[in-house]
Amino acid sequence: MLRTELCELLGIHYPILQGGMAWVSDAKLAAAVSNGGGLGIIGTGQAPPDWVREQILAAKALTDRPFGVNVMLLSPFTEEVMRVVIEERVAVVTTGAGNPGKYISALQEAGARVIPVVASVALAQRLEQTGVDALIAEGMESGGHIGELTTMVLVPQIVDAVNVPVIAAGGIGDGRGIAAALALGASGVQMGTRFICAEECTVHPKVKERVLKARDRDTVITGRSTGHPVRCLRNKLTRRFEELEARQVPAEELERLGVGKLRAAMVDGDIEYGSVMAGQIAAMVREIKPAREIIRELVTEAERVLRQIGAMGEG
Ligand code: TUI
């Protein structure tokens, strides 16, 4: 049975988290994932605190199960969004793109499980000292803002370095990936890109179509020169970024080019000039189906793979 210590810690049936995705994972998707037995997560990105509260209230109306909120630490609204998740007593708070150290005790005092995303052993160890409940080790196969190491390399090193449960993220697209993550010592997985193509995901339909069409080498990393590398699906915007980066234009100019582009893709459906953030597993996503079915399929496949591989260990 696909159950780990993470299931008890978070009060969920399966150790599968849906990654918080700005402009993509709202209350509807998060509630559908939680109702399917995983942990749905509202992605707040740079959204203002009022929007975050509205989404939390909507999720509470759509599910009785625990759900999470992801706080993106580069947001200008981080302080206010933290205040909202504390006031609304959100069960699980994940963070990305920074060090959430100064918020951890206040979140935990409000009853939240705090699970930062990390991309290095050093930050994992520093955050373990602050008393986090678990860590998400995210490899550079992920979509969006990424670190430098792959999941295969990062996860076992973080597992060896800390004593809290580790959740693997990045490059996990099916049940085989879940089995592999558990083999690396993870207690669960976080998957973002797979859930873009959940029926309940309210992203623009053109984005879902683009993900379904993606082939193995269709994602690219832009923004390395700005210090904020981002993986997205190749399009006219990423080509423009590549041209400017080759000419070594100043980081501020590149940052300006990125402003508003995630929303343009995910909400308005501009998949050519918008930023279609997606992970390398986009090529493995072949159909749109309800979150509950995605989760059921993932669990069934992971259990089958683990049984087969487990038999090899019997000698
Ligand atoms: O955060 C993500 N993925 C994201 S955030 C995003 S929106 C965005 N907006 C403006 C600029 C860039 C992105 C789209 N996708 N994933 C979690 C993640 N966190 N990946 C890597 C990290 C990370 C990186 C450095 C976490 C901590 C960190 O530490 C730096 C420090 O302060 O020590």
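The chain is numbered in sequence order, starting from 1. None of the values given here were measured: they were computed from a predicted structure. Ligands are counted one by one from 1 in listed order, and the atoms in each one are counted from 1 as well.
The hydrophobic cluster containing I136 does not contain I172, counting ILVMFWY residues as joined when their side-chain heavy atoms lie under 4.5 angstrom apart, directly or transitively.
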Got a list of side-chain donor-acceptor pairs under 3.5 Å for residues 117-132, not counting sequence neighbours?
from, atom 1, to, atom 2, distance (Å)
S120, OG, L123, N, 3.2
E128, OE2, N163, N, 2.5
T130, OG1, L127, O, 2.7

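Remark: side-chain polar atoms of E303 are paired, donor with acceptor, to backbone N or O of L2 under 3.5 angstrom.
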Can you list every pair where an N/O of ligand 1 is under 3.5 Å from an N/O on the protein?
from, atom 1, to, atom 2, distance (Å)
ligand 1, 3 (N), H145, O, 3.4
ligand 1, 15 (N), H145, N, 2.9
ligand 1, 16 (N), E138, OE1, 3.4
ligand 1, 16 (N), E138, OE2, 3.3
ligand 1, 19 (N), A97, N, 2.9
ligand 1, 20 (N), E138, OE2, 3.0
ligand 1, 20 (N), H145, O, 3.2

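Donor-acceptor pairing under 3.5 Å is recorded for the side chains of Y14 and R296.
Between R231 and E141, no side-chain nitrogen of the basic residue sits less than 4.0 Å from a carboxylate oxygen of the acidic one, so the salt-bridge criterion is not met.
Tested against R65, the residues V33, N35, L39 include a single side-chain contact (heavy atoms from CB on, under 4.5 Å) partner, N35.
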